[in-house]
Every structure is written in C-alpha cells, then in structure tokens.
**Student:** 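Sharing a structure with you now.
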Amino acid sequence: MGDLKVDHPTREELGSTDKLQYSIRNNELREPLLVHPGTLQIVSGFRRYAALRQLRRLSVPVLFPADAAEACQLVRTHLGAKNDPHQQPMSVRDRFVLSQRLRDFPRPEHAGPWRHEDYAGPAVGLSAAILKGLRSAARGCSGQEASGPSAENAHRVLLLMFEALEKPTAGRSAGQAVRRLYGYLKSGDCPASLADACEAPLPKLPMPAQGERGAGQAPISPVRRRTQNEIRRGVDTISGACAGLASVCVADLPADDVPYLAREIRKNRQILWDVLKSLQGNSRD
C-alpha cells in the first residue's frame, strides 16, 4: 500500500466506503487496482484504495497494463461490470479525468492508426467526439496559458460541457450542446449559463481595423478574412494528410488497416476538394 501513489485527483465524492469495507473484509477484493507500471500511480480504484486504507491493509492486488489499449480494455470491463453492488456511478467529470489518466500509458506497438479518443471514449462511456471537445476545453484552461480572459472562457466552457452532459434537457441532446459550446473556445466569450450559451448566436470573430494592413493596402473585408482562414485550415489539413501518408509505407500496409485508410480518404476527399476550389478562386483574385 505504501508503494502506491495518488498524485492524480481522486473522485469528487468518494462517499461512504463502509459497505465496501464489509465486502472486502468478508470476500476480499473483487477486482485489483489499475496502476501505472512506471510511476505506480493509481489510475482506477480510488474507492477501493480508500477502503483498504481504512482496513489498515498492508498489501493490495494490482494490475499493470502494458499499454494504453490494454488499460482502456480493463477500465471498460470494470465500468461495465453489472455484478458489483458496491460500484458507485461516476460523474462525467470523473470519467473525463480517468480518460486523461489513460493517456499516460504508451501506445500499443504495431497498432496501426491510433487515436486515443477511439479507445478511451468507449472505456469511460463517452463518445470520441465529446471526449475530444472536453479535452480541447481543458487544454485551454491549463498549462502555461492558464490565466487571462481566454483561459477563463475555456474554463467556463468546460464547466458548461460537464453540466450539459450530466443534465441533458428536452429538445437538445448532450452532443449538440457540447458541439455548440465548443464553438465558444475560439469564437468569443461564453455566456454564464447553459441556456444562454445554447440559444444565443455565436459571436463573430473580431475583424482587423481599417488600415491595419499597412500603408497602400486595402482593408481586409469580412469575406476575404473568412476565405483566408478557410485556406489556412485547408493547408493544415493537406499538410497533415501528406505527412501521415508519407510516414506509412503503403506497400507494406497490413491488410487489416487498408479498409480504415480507404474510409478516411473517402471521408476527407470532399473537404480537400472544397479547399482546392477555394485556393483556385483565391489565385484568380
């Protein structure tokens, strides 16, 4: 027990562990704790750890997943278990924090295309899209830029995302609310309440003032600015796709990965075509 570390935040509300202590005392621990093999930090099992400490146990069974895929599978199995009467429901915040802990594990070797959200999302019971939105908001209010209006706005967006997922309302799905709130990360200040954030129109991006481009240059019109932003995003998409394909030897691509790659190319083909038309229109201007 003394070897384990609890550096990550524990559950917001652990609740009483009396029944869990009684179960451990009579039937031992049903499931081992999930622990990172390198840091010995607990990834999953904080209530079990708290109950064991109350029982003054000196040792505890643990599992050391080899990689992120195995860790996600173990978490998914544990959270999906229906035969554990002492398992407490996890809040959306707890599920998101757990998904972030799973990022500490290394990627599996020879896994082909890998996206953390595709594995961690089903493991913690959140879709990959929602998990990506939560992570973007959390990244905006942490790290080196964890101060100032932008960080405060990101923190407000994150709290409202949690609220939307915990308390969905009639006429608006949780996914729709999260997508709506995601727009406030770059579009402007997020309203204080969820109702206002989902009903109010998104603020327009600020436009440069007249003459900001310098002497002798015409001011950038709203239409022109929007086109430039589209082109920049398109360039990022094209360069990212080229870099990804360049890093993969298509000739030696495993047969299991061919359908995935083909599906991704088809999905993004229309986006790249629209960007190409924008580039051609810009060159004519």
Side-chain angles (χ1 to χ4, degrees), residues 1-111 114 116-126 131 134-135 137-139 141-144 146 155 158-159 162 165-166:
M1 288 288 289
D3 295 331
L4 299 179
K5 299 178 182 179
V6 197
D7 294 343
H8 290 289
T10 59
R11 296 276 194 95
E12 292 178 300
E13 298 291 342
L14 283 176
S16 174
T17 60
D18 293 342
K19 292 183 179 180
L20 183 55
Q21 292 179 47
Y22 179 82
S23 175
I24 295 175
R25 190 182 298 112
N26 290 277
N27 303 307
E28 292 302 324
L29 196 63
R30 289 176 178 269
E31 292 190 43
L33 275 62
L34 194 65
V35 178
H36 192 286
T39 62
L40 295 183
Q41 293 175 351
I42 296 178
V43 176
S44 177
F46 292 106
R47 292 189 72 254
R48 285 167 281 167
Y49 176 78
L52 290 166
R53 289 194 62 182
Q54 292 293 327
L55 294 172
R56 300 184 182 277
R57 293 293 180 92
L58 299 179
S59 60
V60 55
V62 300
L63 290 175
F64 294 120
D67 52 42
E70 183 181 354
C72 289
Q73 182 58 47
L74 291 172
V75 168
R76 185 174 187 176
T77 301
H78 172 68
L79 295 183
K82 303 298 184 181
N83 58 348
D84 188 353
H86 307 292
Q87 182 173 314
Q88 297 290 329
M90 296 181 68
S91 67
V92 174
R93 186 192 301 263
D94 292 331
R95 292 176 183 273
F96 173 65
V97 172
L98 176 54
S99 73
Q100 292 296 90
R101 295 192 203 111
L102 293 173
R103 299 188 70 88
D104 295 337
F105 289 91
R107 294 184 179 186
E109 297 182 1
H110 311 298
W114 169 267
H116 175 77
E117 290 81 4
D118 292 338
Y119 287 79
V124 301
L126 297 172
L131 202 58
L134 292 171
R135 182 168 174 248
R139 191 166 50 230
C141 56
S142 61
Q144 297 179 351
H155 185 255
L158 181 62
L159 293 180
F162 287 144
L165 293 168
E166 292 280 8

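Numbering starts at 1 and runs along the sequence shown.
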**Student:** Do D18 and Y22 make a side-chain contact, defined as non-hydrogen atoms from C-beta onward lying under 4.5 Å apart?
**Tutor:**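 Side-chain contact under 4.5 Å: no.
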**Student:** Y49 versus M1: any side-chain heavy-atom pair under 4.5 Å?
**Tutor:**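 Yes - at least one pair of side-chain heavy atoms lies under 4.5 Å apart.
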**Student:** Should R135 and R103 count as side-chain neighbours, where that means a heavy-atom distance under 4.5 Å?
**Tutor:**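 In contact.
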**Student:** Quick check: closest heavy atoms across C72 and L102, and the distance to 0.1 Å?
**Tutor:**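 Taking C72 first and L102 second, the nearest heavy atoms are SG-CD1, 3.9 Å.
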**Student:** Using every non-hydrogen atom in the two residues, find where P37 and P65 come nearest and quote the distance to one decimal.
**Tutor:**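 Closest pair (atom of P37, atom of P65, distance): CG-O, 3.6 Å.
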**Student:** Checking side-chain contact (heavy atoms from CB on, under 4.5 Å) for the pair E109/D67: CA distance, chi angles, key distance, verdict?
**Tutor:** CA-CA 8 Å; E109 297 182 1; D67 52 42; over 6 Å; no
**Student:** Roughly how far apart are R25 CZ and Q54 CD, rounded to 0.5 Å?
**Tutor:**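 R25 atom CZ to Q54 atom CD measures 10.5 Å (nearest 0.5 Å).
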**Student:** Do L131 and Q100 have side chains that get closer than 4.5 Å, going by heavy atoms?
**Tutor:**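 No - every pair of side-chain heavy atoms lies 4.5 Å or more apart.
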**Student:** Which heavy atom of R48 sits nearest to which heavy atom of P32, and what is that distance?
**Tutor:**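 Distance-wise, the nearest heavy atoms are NH1-O, 2.8 Å.
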**Student:** Shortest non-hydrogen contact from W114 to R107?
**Tutor:**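 Shortest heavy-atom separation between W114 and R107 comes out as CD1-NE, 3.2 Å.
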**Student:** Give the C-alpha distance, both sets of side-chain angles, the deciding distance and a yes or no for side-chain contact (heavy atoms from CB on, under 4.5 Å) between V43 and D104.
**Tutor:** CA-CA 9 Å; V43 176; D104 295 337; over 6 Å; no
**Student:** Looking at L98, I42, V62, V75, which hits side-chain contact (heavy atoms from CB on, under 4.5 Å) with L34?
**Tutor:**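 So, applying the side-chain contact (heavy atoms from CB on, under 4.5 Å) to L34 and each of L98, I42, V62, V75, only V75 qualifies.
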**Student:** Side chains of T77 and E31, heavy atoms from C-beta outward: is any pair under 4.5 Å?
**Tutor:**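 Side-chain contact under 4.5 Å: no.
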**Student:** How far apart are the closest heavy atoms of S99 and H116, and which atoms are they?
**Tutor:**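 Looks like O-NE2, 3.0 Å.
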**Student:** With rounding to the nearest 0.5 Å, note down the distance linking CZ in R95 to CG in L79.
**Tutor:**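 The CZ atom of R95 sits 6.0 Å away from the CG atom of L79.
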**Student:** Has F64 got more than 12 heavy atoms of other residues, nucleotides or ligands less than 6.0 Å from its CZ?
**Tutor:**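 Count over threshold, so yes.
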**Student:** Which pair of non-hydrogen atoms, one from R76 and one from P122, has the smallest distance, and what is that distance?
**Tutor:**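 Heavy-atom minimum between the residues: NH1-CB, 3.6 Å.
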**Student:** How long is the gap from OG on S91 to CD on E166, to the nearest 0.5 Å?
**Tutor:**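 Those atoms lie 5.5 Å apart.
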**Student:** Does R53, at its CZ atom, have more than 12 non-hydrogen atoms belonging to other residues, nucleotides or ligands within less than 6.0 Å?
**Tutor:**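 12 or below, so no.
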**Student:** With side chains defined as the heavy atoms from C-beta onward, is the minimum distance between K5 and T39 less than 4.5 Å?
**Tutor:**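 Heavy-atom side-chain distance check fails, nothing below 4.5 Å.
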**Student:** Compare all side-chain heavy atoms of L134 with those of L126 and state whether any distance is below 4.5 angstrom.
**Tutor:**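 With C-beta onward as the side chain, the pair touches.
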